[in-house]
Amino acid sequence: MIYYLATEKGRGAIHRHYERYAHSFSRIVQELTYDEILRRGKAPAGTYIFADYGAMNPVQWKLAGQLWEVIRQGSPESLLINHPARVLTRKQLLKGLFEQGLNRFNVYGLDEPLAGVRFPVFVRTGVGHSGALSGLLNSLEEVRTHADRLILAGIDPKNLLIVEFEDTSDGQGRYRKYGAFRIGGSILPRHLFVSRHWEVRLGVAEDSESVHEEERRYLDSEEHLGKIMSLFEFAGIEYGRLDYSLFGDSIQTWEINDNPNLLPERNSVSPGAWRNCIEFGERYERAMRGLDRPASGPATALAAEGFGEVAWAALHEYFSGRPIGEARG
Amino acid sequence: MILYIATPNNLNTIGHLVEEWVPDLAGLIRTLRYDQLVEVESLPDATYLFADLARLSDPAREIVKSFADRVALAGHRIVNEPRVAKGRYELLRGLFESGRNPFNAYRLSEFPREVRFPVFVRLGRDHSTSESPLLENRADLDEYLVLALLHGLDPDDLLVIEFEDVADERREVSKFGAFRVGGQVLPRHLLRGSHWAQRVALRSPSFRLIEDERAYCESNPHQQEILDIFNFAGLEYGRIDYSIKGGKVVTWEINDNPMPMSARSVYTPEHLPHQERFAEALAAALRSLDEGSA
């Protein structure tokens, strides 16, 4: 059995999939929230995908790390995926890729000096996967106004990122965004969205036979697989979806979603797009079955009170002002 | 005109009041979301009622304070001054330290520390019911917090609050609610039940409870003490939720964005006259709040 762990906010990616399309899949994958498994009091031997760090605050992250450690010690034969001490936050990932020369654009927190920012930029959050929260902004004043608006709307300024815009459009002004899953040792291309809008999403993407054909070729292409795997390695993520575009031959990483949705609702996409979804769905399930470990060995006992010391230590680190991402592991 | 400012998800607390009870107020009150403040270039001539301050994060409060500077400089009336109003934690801590409340409240950033058990845990920026059951000791508190934090509750927002037993000899808890609108205190409700965190109005209150509530609202017995507590909190508009112990007010919270009226259909026929009276009194108080701003 594979146990897929997500946060309360992020729960549902797996559950929706087997509710909608793959009922038998529920026999090999069970989705639980992190607090649910702790409440259960035991972790059977199996495969554990620690998903959804992208939605966690540093204290949650630290507690997930403790859960990892307890299961690892209690059940050495279990396969644990996405090590909490290796996974990078979105900001760490994008800054790291820029510093390595792999991404052409930089990102900044609101608390960083912004004098060197290359405009235009847009604002998004470092947690969650809601995409851009602003249009393209051309000055620090515009950034401050938008940031204030978001803070007043309830977004924690610690989570706001300023992202330099990178123009990856082709000669016809069309933007392409690719998505590829990593599932353990496999890379599975998932989708290609094409749009004339710089923020390429499913809702604004072109829906034509030529795009579906291009997407189909992408699903079968092995061209980027090696580079994609090395980007996942850089991020410390063994299960997730890399969203990227190409600048020439160079992959420009937008994010890695470590709790990605799988398939859309059948009626929300055209038949051509759905054919590609089905193809991906079959490959996805095959790859997941490859991660499944038969239960062997006793279950690991879990007790919330045993996490108290770690919780207080994590809170102490958090309140002592260490930046997000350093209170992990 | 009263410009009623609140957070995006809680902008319509006065909706039933205006739509179902006192439609005349529609011409008096306009609502504005806090995130819309960044778009306000010229300040309309109005009374600026900053509701829902308790839900703002500290950085958001700083932005609102700057806006309040502009409002004050322009000479407009401010109700619930953002530069002085206390949040839930500051209020409960201040009331304890000044001897007005017998129980203390803690942020997680203050732990580990000696607290008086039992305690309960709730969110500092939310007015919904208390988050946890009563926790009798440190082990129970730790276990609850681990699960709550893993669940994703914001560590910046969690408060640990000492339980204060205010039950009477029948083991019933009475909780009063009273509005302050400017200089007036308007008693709103009396809830009674056996649960320690009695918060929800009974759908079918007993005759005795309705009578007790009527007597409470007519006599307004804690008026001066309530005004003092609102002044201490720096709030001119809101609803205080409290109980009485040893003849003194014990403050649970001040909700600075309360829902004054529910839909008419919620109330039983015998409870309606009281609701009508309160709605009219509240409307009159709001009108007088705005006098002089136009």
Side-chain angles (χ1 to χ4, degrees), chain A residues 5-11 33-39 52 55-67 110-111 127 142 144-160 302-321 327, chain B residues 5-11 32-41 50 52-67 82 106-113 121 125-126 135 137-158 160:
Chain A
L5 305 180
T7 67
E8 177 64 25
K9 274 185 200 160
R11 72 187 308 169
T33 64
Y34 285 93
D35 53 310
E36 271 175 346
I37 192 165
L38 199 50
R39 282 179 213 278
D52 213 12
M56 289 185 193
N57 65 52
V59 176
Q60 259 178 305
W61 198 314
K62 195 91 175 181
L63 288 167
Q66 178 66 6
L67 183 63
L110 276 187
D111 56 348
V127 298
E142 285 183 19
R144 288 195 187 102
T145 300
H146 275 269
D148 282 357
R149 187 198 315 273
L150 294 167
I151 292 164
L152 288 171
I155 293 180
D156 186 341
K158 293 196 295 288
N159 290 336
L160 284 178
L302 301 173
E305 61 263 33
F307 286 60
E309 206 172 304
V310 171
W312 287 113
L315 287 165
H316 180 73
E317 284 183 4
Y318 179 73
F319 289 119
S320 65
Chain B
I5 312 169
T7 57
N9 292 333
N10 302 284
L11 192 60
L32 189 70
R33 303 191 314 263
Y34 274 111
D35 59 304
Q36 291 175 308
L37 294 185
V38 298
E39 293 156 13
V40 176
E41 289 179 1
F50 292 90
D52 222 9
L53 291 166
R55 280 201 178 88
L56 297 178
S57 65
D58 291 345
R61 177 72 81 99
E62 291 305 313
I63 299 167
V64 174
K65 284 180 185 173
S66 298
F67 183 81
Y106 304 86
R107 283 180 165 150
L108 296 189
S109 56
E110 299 176 289
F111 272 75
R113 182 163 166 165
V121 179
R125 293 200 295 267
D126 191 86
L135 305 164
N137 52 48
R138 188 57 184 260
D140 287 353
L141 173 63
D142 283 4
E143 181 176 347
Y144 179 83
L145 284 175
V146 164
L147 292 168
L149 290 164
L150 257 183
H151 192 74
L153 296 188
D154 182 356
D156 287 313
D157 198 25
L158 284 171
V160 178

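Labels below follow one simple rule: chain letters A, B, ... track the order of the sequence lines, proteins then strands, and each chain is numbered from 1. Atoms considered below: every heavy atom in the structure, side chains included; atoms not considered: hydrogens, waters and symmetry mates.
Contacts of N57(A) with chain B are made by side-chain atoms alone, with heavy-atom separations under 4.5 Å and no backbone atom involved. Only the side chain of P8(B) comes within contact range of chain A, judged by heavy atoms closer than 4.5 Å. At a 4.5 Å heavy-atom cutoff, the contact between S109(B) and chain A is made by backbone and side-chain atoms alike. Contacts of D58(B) with chain A are absent, with no heavy-atom separation under 4.5 Å from either backbone or side chain. Residue L149(B) touches chain A through both its backbone and its side chain, counting heavy-atom pairs closer than 4.5 Å. The parts of A304(A) that come within reach of chain B are both its backbone and its side chain, each placing non-hydrogen atoms under 4.5 angstrom from that chain. Both the backbone and the side chain of T145(A) come within contact range of chain B, each with at least one heavy atom under 4.5 Å from a heavy atom of that chain.
Pairing each heavy atom of S57(B) with each of I151(A), the nearest pair is OG-CG2, 4.3 Å. For Y34(A) against L150(B), the heavy-atom pair with the smallest separation is CB-CD2, 3.7 Å. Between V146(B) and L63(A) the shortest heavy-atom distance is O-CD1, 4.0 Å. Residues H151(B) and Q60(A) approach most closely at C-NE2, 4.0 Å, considering heavy atoms. Among all heavy-atom pairs drawn from W312(A) and L108(B), the shortest one is CZ3-O, 3.9 Å.
Residue R149(A) is tested with V38(B), L37(B), I63(B) for a side-chain contact (heavy atoms from CB on, under 4.5 Å); the sole match is V38(B).
Legend: residues meeting side chain to side chain donor-acceptor pair (under 3.5 Å) with D35(B), ordered by chain and number and at least two apart, are R33(B). Looking at residues two or more places apart in sequence or on another chain, you find no ring pair (Phe, Tyr, Trp, His ring centres under 6.0 Å) involving F67(B).
Other residues, nucleotides and ligands contribute at most 12 non-hydrogen atoms within 6.0 Å of the CD atom of E309(A). With a 6.0 Å radius and a threshold of 12 heavy atoms from other residues, nucleotides or ligands, K9(A) has its NZ atom at or below the threshold.
Here A153(A) is the residue among A311(A), A55(A), A64(A), A153(A) with the most heavy-atom pairs under 4.5 Å with chain B.
To the nearest 0.5 Å, atom CZ of residue F307(A) and atom CG of residue L147(B) are 9.5 Å apart. To the nearest 0.5 Å, atoms CD (E62(B)) and CG (D148(A)) are separated by 11.5 Å.
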- Message: Could you walk me through whether K158(A) and D156(B) satisfy the side-chain contact (heavy atoms from CB on, under 4.5 Å) test, starting with their C-alpha distance in whole Å, then the side-chain angles of each, then the deciding distance to 0.1 Å, before giving a yes or no?
- Response: CA-CA 12 Å; K158(A) 293 196 295 288; D156(B) 287 313; 3.5 Å; yes
